[in-house]
Enquirer: 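Have a look at this one before I ask anything.
All chains are named by letter (A, B, ...) in the order of the sequence lines, taking the proteins before the strands, and each is independently numbered beginning at 1.
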Amino acid sequence: MARYNARVAEPKWQKVWDKAGLFKAERDDSRAKYYVLEMFPYPSGRIHIGHTRNYTMGDVVARYKLACGFNVLHPMGFDAFGMPAENAALEKGVHPGTWTYQNIADMKAQLRPLGYTHDWSRSFATCDPEYYGQQQALFIDMLAAGLIYRKNAMVNWDPVDMTVLANEQVIDGKGWRSGAVVERRELTQWFFRISDYSEELLAAIDGLKDWPEKVRIMQANWIGKSRGLQFSFAVKDAPKGFEALEVYTTRPDTLMGASFAAISPDHPLAKELERSNPALAAFNAECRRVGTSEEALETAEKRGFDTGLKVIHPLDPNWELPVWVANFVLMDYGTGAIFGVPAHDQRDFDFVHFMAQKNGASLEIIPVFEPPAGEWGQDTAYTPMKSEKVRYSRNTATGRFQTNFGWDELSTGDEAVAAAITYCEANGIGKGVTKYRLRDWGISRQRYWGCPIPVVHCPDCGVVPESKASLPIRLPDDVTFDRPGNPLDHHPTWAATTCPNCGKPARRETDTMDTFVDSSWYFARFTAPRAKTPTDMAEASYWMNVDQYIGGVEHAILHLLYSRFFARAMMKTGHLPVSAIEPFNALFTQGMVTHEIYTSFRPIGGESPEQRARSLRRQVYHLPEEVEGLLPGSQARTFLKADVDKVMALHPQLDREGARDVLARQHPDNIDFPPVYVTPTAKMSKSKKNVVDPDDIIEQYGADTARWFVMSDSPPERDVEWTASGADGAWKHLQRVWRIVEEVLETPQTGEDADLTRATHRAIADVTAGIEGFAFNKAVAKLYEFTNTLARAKGDRRAAMRIMAQLMQPMTPHLAEEIWAAMGGEGLVSAAKWPVADPAMLMDSSIILPIQINGKRRSEISVPVEIDNKSVEELVLADPTVQRILAGQVPKKLIVVPGRIVNVVI
RNA sequence: GCCCGAGUGGCGGAAUGGUAGACGCAGGGGACUCAAAAUCCCCCGCCGCAAGGUGUGCCGGUUCGAGUCCGGCCUCGGGUACCA
């Protein structure tokens with residue numbers, strides 16, 4: 001018998017599909033549309049298993065919806081601007097554009113053999129001038145609509161390379177190339193007014209019924225709506241202009257526990273004071289020697305500096321609080337100033353604790369809540385926190401206030417906060433305000449490989465948008481990467497232009513846009529990818545929204561929130577219909593494919609041994625295919641293949657194992673053979689090189705096996721740690737299905753197998769439910785079961801085999817076509833109507849009812865489906881096992897869950 | 001630090017609060033074969049000869065009944081606004 005030959009069959013069917021134009025999407029107002037979209041990839045060079053998993057899921061949905069009769073739009077493109085292209089330019093001297101387009105070509109070549117239904121006629125890359133030119137048009141319209149503005153904001157500054165760094169380029173607080181300690185610096189940058197939409201974006205989350213709950217929670221938390229009190233402290237002996245210190249708090253109920261006020265090192269008052277206080281200036285400078293990332297700021301040790309200034313407590317004119325500068329107060333949130341209540345805020349407490357230990361500073365800890373009886377322990381440092389926990393996490397209404405300001409008898413946090421606000425407002429102390437954590441979206445990047453911001457700086461007219469007629473504002477090709485910083489800034493002529501307004505010489509904006517802008521509207525562009533305007537309203541009105549969006553959880557917040565904002569901004573500027581205000585009807589977040597990371601510290605710089613010994617080392621990453629001798633979790637037993645080869649060349653008498661032993665015995669500081677370290681699994685990413693690409697599997701077994709394999713076993717939403725084993729099993733299964741086909745072809749097919757008919761309907765129902773519910777692993781398991789049934793079945797199996805082909809089609813379309821053709825199916829299985837299960841065929845006449853005694857399974861009985869509870873009880877009590885265990889006792893209770901289980905309680 | 005997830009045999013995993021381990025991988029045994037590969041059949045959580053006991057990261061709770069619900073932890077993963 002001939003094996004199924006994927007290598008021949010797969011290209012054959014792909015050609016047939018292409019020729020039939022099965023997947024080319026055309027607007028057809030008479031048909032219902034279905035838009036399925038996978039998050040498009042960054043063209044890093046190769047697709048990896050994570051991509052394969054993502055696109056196969058999308059393809060299963062697309063093929064299923066096609067079979068259900070929808071007019072399906074299933075496009076694919078490339079999110080092609082970004083830092084890696086510039087890094088490649090830096091390291092390999094290749095132009096970012098050349099590198100990117102080559103990668104796109106390579107990745108397309110990898111994707112095509114997988115047999116996806118992507119409509120490549122709609123494809124584009126965000127670095128195509130035709131795309132980013134339209135993005136510039138959007139920018140100009142949004143600027144005119146007041147959605148964009150400029151302001152100062154902090155960036156990571158590398159003081160040695162004199163360049164702005166991305167958070168990713170800051171490693172342990174140091175620049176990744178220079179190794180210099182990074183500082184915060186202020187720069188004028190462009191912003192989208194996303195915070196104007198805070199309330200709307202938050203409220204609309206309720207309507208996203210088909211989004212994962214966790215994503216909705218994360219987005220809501222990110223927007224971070226809070227109700228609090230804003231008031232100002234009067235500053236004693238204040239510098240001119242700083243007589244009032246504005247603070248915001250979500251805990252005005254703890255106002256009586258205030259023991260200090262704290263301001264951010266970036267607060268205007270801090271900057272004013274440091275002019276006459278060198279010690280404070282030094283402290284502030286030290287505080288700024290941290291990157292801008294929230295993680296870095298929040299995990300930094302809490303530090304403070306007493307300014308010597310005092311403020312007056314708003315509820316007691318005789319109560320003075322010291323003003324500190326503290327590194328944990330963020331200028332970006334609230335007013336950049338707080339009051340500290342160490343008894344009821346963990347951060348404030350940590351701060352006081354730390355300052356007391358380090359500096360001997362003494363700040364009071366004043367509890368405002370009376371703790372529940374018995375919880376007021378000896379350890380005064382922690383006791384207040386305990387009482388806090390009791391009040392809030394269990395909400396037990398046991399806390400009480402010790403103040404006399406009208407909110408002292410309230411029990412719960414929210415009520416207390418509200419009462420405190422009411423009291424303060426009534427007494428002119430401050431006002432209740434609603435604040436959001438969400439900040440405006442800064443899009444300025446001081447980099448080359450991005451969409452140029454289409455504005456001009458004119459000495460006379462100021463900032464002027466480009467005219468739309470001059471779009472696209474193209475990136476220059478002749479750029480150099482021989483020095484740090486923005487190549488657009490260094491370019492001799494590019495920035496020189498004339499003012500669109502007055503015609504005088506002017507300078508172009510050299511900042512480019514955040515790549516999140518590119519990915520915030522690509523889904524809309526797919527509906528009319530060649531339009532001469534950003535979108536075509538007729539096309540957008542037909543195809544939008546995306547019915548099913550699929551991508552990694554890592555995009556749960558930023559990309560999805562920016563896209564939701566962008567849909568609103570495009571609506572406001574007339575580029576999307578109102579109906580597309582929430583662009584993604586259903587969202588599915590797949591888990592990530594993870595892999596161990598292999599890394600070593602290789603020398604950089606000088607050539608002589610002495611130089612090398614002294615020179616800096618840089619952490620470099622290695623591809624899984626470059627290492628060998630893996631033992632999970634082991635460090636000494638993992639080596640670079642190249643190192644093993646080198647050792648074998650040096651010592652010809654050694655075999656591979658011997659060479660590894662030599663390597664294993666090297667000192668960790670050995671400069672020629674640094675040890676390879678294995679760090680725990682993380683999502684596959686090109687920058688960490690822990691990627692595995694699907695080509696080996698496709699090469700060895702074909703696309704169907706690769707597709708079947710990534711859909712098997714792991715639930716789609718869960719992370720999977722990649723292991724090479726398993727593809728073989730998938731291949732064996734597909735071969736087995738084909739063997740059944742051949743057996744059917746070679747033996748006479750007569751008679752009917754009623755069990756097979758029932759099993760067929762069962763399979764239709766289960767596989768359909770699996771696909772609809774994004775439980776592809778379960779759909780696959782059901783197909784395994786159905787295969788087992790088919791292998792054993794009697795009678796004519798041809799009809800059942802055709803159903804098998806249809807059910808397999810979304811996952812393994814090529815093999816499915818082959819089976820369909822062999823079993824006499826009409827036309828293409830990819831174009832066949834999805835089968836429907838007959839509900840009558842899904843019912844069984846009798847069921848097995850397990851019997852529990854005190855919750856433990858002891859026996860079972862077989863009963864007709866229609867049986868009544870009384871008959872069940874009789875049968876249960878008559879059961880020999882039950883009688884034996886009862887031993888004459890009368891059960892206390894008999895619980896019958898119809899059709900499910902019986903529990904006898906004794 | 002903060003926000004969000006996840007944790008079940010050797011492995012991937014299944015299980016509307018109702019028989020824990022479907023289905024698959026690996027493994028063991030057998031059949032076929034001169035032999036191997038391929039294929040087919042059977043077994044397969046742990047302890048135990050068995051009866052039985054025990055078991056879903058840990059501690060506690062609710063329930064006739066908990067992998068599932070509640071409280072408290074631990075570990076791992078994602079995000080943390082300039083990686084995409």
Enquirer: For rA51(B), does OP1 or OP2 lie under 4.0 Å from any side-chain N or O of Arg884(A)?
Expert: no

Enquirer: Work out how far the C1' atom of rG10(B) is from that of rG28(B), and round it to whole angstrom.
Expert: 13 Å

Enquirer: Taking the six-membered ring for Trp and the full ring for Phe, Tyr or His, determine whether the centres of Tyr131(A) and Tyr522(A) are under 6.0 Å apart.
Expert: no

Enquirer: Heavy atoms under 4.0 Å, any strand shown: does Glu301(A) hit a base, just sugar-phosphate, or nothing?
Expert: nothing

Enquirer: Taking ring pair (Phe, Tyr, Trp, His ring centres under 6.0 Å) as the definition, give me every residue that meets it alongside Tyr42(A), ordered by chain and number, with sequence neighbours left out.
Expert: none

Enquirer: Could you tell me whether Leu438(A) contacts a base, only the sugar-phosphate backbone, or nothing, with contacts defined as non-hydrogen atoms closer than 4.0 Å?
Expert: base

Enquirer: Would you mind reading off the distance between Ile740(A) atom CD1 and rC40(B) atom P, rounded to a whole angstrom?
Expert: 9 Å

Enquirer: So is Arg216(A) actually on top of Trp211(A)'s ring, under 6.0 Å and inside 45° of the axis?
Expert: no

Enquirer: Taking only side-chain N and O atoms of Asn221(A), does any of them lie within less than 4.0 angstrom of OP1 or OP2 on rG79(B)?
Expert: no

Enquirer: List for me each residue that meets side chain to side chain contact (heavy atoms under 4.5 Å, CB included) alongside Glu183(A), sequence neighbours excluded, and say none if there are none.
Expert: Trp157(A), Pro159(A), Arg289(A)

Enquirer: Base, sugar-phosphate alone, or nothing: which one does Met592(A) contact when heavy atoms must sit under 4.0 Å apart?
Expert: sugar-phosphate

Enquirer: Among rG24(B), rC83(B), rC82(B), which nucleotide has an atom closest to any side-chain atom of Tyr562(A)?
Expert: rC82(B)

Enquirer: Using Watson-Crick and G-U wobble pairs whose two distances are both under 3.5 Å, how do you write the pairing of RNA chain B as dot-bracket, with | for links to another strand?
Expert: (((((((..(((.....[....))).(((((.......))))).(((....)))..(((((..]....))))))))))))....

Enquirer: Should Glu91(A) and Arg177(A) be marked as a salt bridge (Lys or Arg N to Asp or Glu O under 4.0 Å) after you check the CA-CA gap, both sets of side-chain angles, and the distance that decides it?
Expert: CA-CA 12 Å; Glu91(A) 282 161 20; Arg177(A) 288 184 175 279; 3.5 Å; yes

Enquirer: Grab the N/O contacts between the protein and nucleotides 36-38 of chain B below 3.5 Å, and write none if there aren't any.
Expert:
none

Enquirer: Using the test ring pair (Phe, Tyr, Trp, His ring centres under 6.0 Å), find all partners of Tyr132(A) that sit at least two apart in sequence or belong to another chain.
Expert: Phe81(A)

Enquirer: Taking ring pair (Phe, Tyr, Trp, His ring centres under 6.0 Å) as the test, write out the residues that go with Phe776(A), two or more places apart.
Expert: Phe774(A)

Enquirer: Go through the structure and list residues passing side chain to side chain contact (heavy atoms under 4.5 Å, CB included) with Ala763(A), not counting sequence neighbours.
Expert: Phe786(A), Leu807(A)

Enquirer: Mind running a 4.0 Å heavy-atom check of residues 442-450 of chain A against RNA chain B and sending the residues that fall below it, in number order?
Expert: Gly442(A), Ser444(A), Arg445(A), Gln446(A), Arg447(A)

Enquirer: Using the ring centroid of each side chain, check whether Phe351(A) and Phe328(A) are separated by less than 6.0 Å.
Expert: yes

Enquirer: Please enumerate all residues that pass ring pair (Phe, Tyr, Trp, His ring centres under 6.0 Å) together with His555(A), with sequence neighbours excluded.
Expert: His559(A)

Enquirer: Side-chain donor or acceptor of Glu295(A) under 3.5 Å from a matching atom on the base of rG79(B)?
Expert: no

Enquirer: For nucleotides rG9(B) and rG45(B), find the distance between their P atoms and express it as a whole number of Å.
Expert: 13 Å

Enquirer: With sequence neighbours left out, what residues match Lys893(A) under side chain to side chain contact (heavy atoms under 4.5 Å, CB included)?
Expert: Ile895(A), Val905(A)

Enquirer: Is the centre of the Trp708(A) ring less than 6.0 Å from the centre of the Tyr784(A) ring?
Expert: yes

Enquirer: Here's a test of your reading of the structure: between Asn788(A) and Met83(A), which maps to the more 5' nucleotide of RNA chain B?
Expert: Asn788(A)

Enquirer: For His555(A), report the nucleic acid contact type (base, sugar-phosphate, nothing); a contact means any heavy atom under 4.0 Å.
Expert: base

Enquirer: Does Arg736(A) have a side-chain nitrogen or oxygen under 4.0 Å from the phosphate oxygens OP1 or OP2 of rC40(B)?
Expert: yes

Enquirer: Rounding to an integer number of angstrom, what distance separates rA81(B) and rC76(B) when you compare their C1' atoms?
Expert: 25 Å

Enquirer: Tell me whether the side-chain N/O atoms of Asn854(A) come closer than 4.0 Å to OP1 or OP2 in rG65(B).
Expert: no

Enquirer: Phe565(A) and Tyr197(A): aromatic ring centres closer than 6.0 Å?
Expert: yes

Enquirer: Which is it for rG5(B), anti or syn, if anything within 90° of zero counts as syn?
Expert: anti

Enquirer: Just wondering, do Thr589(A) and Lys214(A) contact through their side chains at under 4.5 Å, heavy atoms?
Expert: yes

Enquirer: How would you summarise protein contacts on nucleotides 13-18 of chain B per nucleotide, using B for base, S for sugar-phosphate only and - for none, with heavy-atom distances below 4.0 Å?
Expert: SSSB-B

Enquirer: Taking the six-membered ring for Trp and the full ring for Phe, Tyr or His, determine whether the centres of Trp441(A) and Tyr562(A) are under 6.0 Å apart.
Expert: yes

Enquirer: Under 3.5 Å between N/O atoms: give me all the protein pairs with nucleotides 53-55 of chain B, atom names plus distance.
Expert:
{"from": "rG53(B)", "atom 1": "OP2", "to": "Arg858(A)", "atom 2": "NH1", "distance (Å)": "3.3"}

Enquirer: How many whole angstroms separate atom NE2 of His51(A) from atom P of rA84(B)?
Expert: 14 Å

